[in-house]
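I have placed the structure first, in the form of C-alpha cells, so that the comments after it can refer back to it.
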Amino acid sequence: MINLTIEEFSDLGKEDFVRDVLGQQANLVIQQSDLSALALQYAEGNIIDTINEHIKSLQEYKQTQNLLIIVLYTDYTQLSPDIQSQYTQEFFDKYYEFYRVYLPIHFGLVANFIKVHDENGTHITSQYIQDQINAIIEHDRVCQANVVCYRIQNNEPEFLVLKRNPEKGSFWQSITGGVHIQGLLSDNALRELQEELFITGKENNLTGTDYVFWYREKEGIIYELSEYVFGYKLEDTDELAISDEHTEYAFLPLDEAIERVKYDGNKEGIRRVYKVIS
C-alpha cells in the first residue's frame, strides 16, 4: 500500500486530479496534510524549528510505512493572475524552499516534485502525474543521498573519495545512493554507509548541509531527482571496507579531493561540508 499526500501551489485543481488518480489506481490513498500550512508560515518568514504533531506523526509513519509526499508545482510566471496578485515571486520561492530544503534537512521528509505545466505552458494530464508516481514506486527511490565522509588528521579534515568500478564509469566520487520511499532521509544516508563502507553509522556523526541540487535522467529514472549532501565524521575505530561498487578509495585534503571527484555536485558538496565542519 502506498500512502500519498498531495501539496500544491498552482491553479491545477487538486480535487479533479485526486479523483482521476483514485479512479485509476485504488491502492493510492490520499491523506489530508497540514504541510502546506507550515510552508505558508515558512514563506512568511517564520522559522519552523519545532516538530509539531503533524510532522511527528508523518515521521513516525514514514519509518515503518510507504509514504510519498508529492508537490505539484509550476513556474511563477505560469500562475494565474489572481494568484500572482496575492503572492510575490519571493514568497513563491520561499514556499517551495520549505519542501525542497527545509523539510528534508530538518525533519527527514523528502518531497517529490511534479511540474504541472509543460514547456509550452499547457497543463499536463493526470495520467502524466500518475505515470511519474508509478515510476517513483517502481524504482523505490525518492531522491539521492550524498554522504561526504571525512576524518581529522593533524587538526585538518581529510575527505574520503572512492573510485567506481569500470562498469559504472571508473570515476571518483563521494558516497551516493538512492533513498527509499520508506524511512527518513538521515536513516537512508546512514544505510549507505553500511552498504558501501560496511560500518554502522552514528546519528551524532552525521551533519546536514543546506546544499541540494536536482536533475533528471539518472540510470533510467525519468522523474525529477533531488540530491541531498551530508557530512559524516569517521572515527579512528571505523574499519573501512568497500563494496563491489568501488575498486579503491583514498583520503585527501580539501583541494585534492575536490580536484579528484568528477561531477560538480560532488565538488560543491565537499566544499559545503568543509564550510559546515570548519
Side-chain angles (χ1 to χ4, degrees), residues 1-7 21 25-39 41-42 47-71 96-114 132-149 175-212 214 221 223-233 238 243:
M1 176 74 72
I2 295 292
N3 294 274
L4 185 69
T5 175
I6 303 292
E7 313 293 330
V21 169
Q25 189 163 324
N27 70 335
L28 289 176
V29 177
I30 304 300
Q31 294 188 334
Q32 295 299 318
S33 172
D34 292 332
L35 290 177
S36 58
L38 293 175
Q41 291 182 39
Y42 182 84
I47 302 299
I48 315 298
D49 57 358
T50 59
I51 302 178
N52 72 6
E53 288 303 312
H54 185 69
I55 287 184
K56 184 177 180 181
S57 65
L58 285 177
Q59 287 178 316
E60 293 174 348
Y61 189 87
K62 204 172 192 321
Q63 288 176 309
T64 59
Q65 304 293 329
N66 291 323
L67 172 68
L68 280 178
I69 301 173
I70 302 296
V71 176
Y96 283 124
E97 181 183 292
F98 173 81
Y99 290 106
R100 286 197 181 275
V101 181
Y102 201 80
L103 189 66
I105 295 300
H106 288 264
F107 303 117
L109 296 170
V110 176
N112 286 96
F113 280 69
I114 300 176
Q132 294 279 293
I133 293 172
N134 286 341
I136 298 169
I137 295 170
E138 177 184 353
H139 288 279
D140 190 19
R141 184 183 301 190
V142 295
C143 70
Q144 292 281 110
N146 182 324
V147 186
V148 178
C149 295
I175 290 176
T176 60
V179 172
H180 299 321
I181 295 173
Q182 183 175 312
L184 301 178
L185 178 56
S186 58
D187 297 336
N188 279 271
L190 293 174
R191 174 181 52 78
E192 286 299 317
L193 295 177
Q194 175 65 48
E195 292 180 357
E196 298 197 23
L197 296 181
F198 299 97
I199 65 172
T200 301
K202 298 178 181 179
E203 185 81 32
N204 289 341
N205 289 21
L206 190 70
T207 303
T209 75
D210 61 358
Y211 182 50
V212 54
W214 302 271
I221 293 177
Y223 53 91
E224 182 178 307
L225 270 178
S226 52
E227 185 160 318
Y228 295 89
V229 176
F230 293 85
Y232 186 84
K233 183 179 181 180
D238 289 326
S243 71

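Everything quoted here is computed from the prediction, not taken from an experiment.
The CD1 atom of I133 sits 9.0 Å away from the CG atom of N112 when rounded to the nearest 0.5 Å. Residue Y99 holds its OH atom at 12.0 Å from CD1 of I70, rounded to the nearest 0.5 Å.
Side-chain atoms of E97 and Y42 include a donor-acceptor pair closer than 3.5 Å.
The shortest side-chain heavy-atom distance between Q144 and V179 does not fall under the 4.5 Å cut-off. Residues N146 and F230 have side chains not in contact (no heavy-atom distance under 4.5 Å, counting atoms from C-beta outward). Between T207 and K233 there is no side-chain heavy-atom pair separated by less than 4.5 Å. At a threshold of 4.5 Å between non-hydrogen side-chain atoms, the residues Y223 and H139 count as touching. Taking 4.5 Å as the limit, every side-chain heavy atom of V71 sits out of range of all side-chain heavy atoms of I114.
Contact check on E224 versus R100 returns a salt bridge, with a Lys/Arg side-chain nitrogen under 4.0 Å from an Asp/Glu carboxylate oxygen.
Listed here is the closest heavy atom pair of L109 and K62: CD2-CD, 3.7 Å. Contact detail for L225 and C143: the closest heavy-atom pair is CD2-CA, 3.6 Å.
Annotation: ring-ring contact (aromatic ring centres under 6.0 Å, His included) contacts of Y211 (sequence neighbours excluded): F213.
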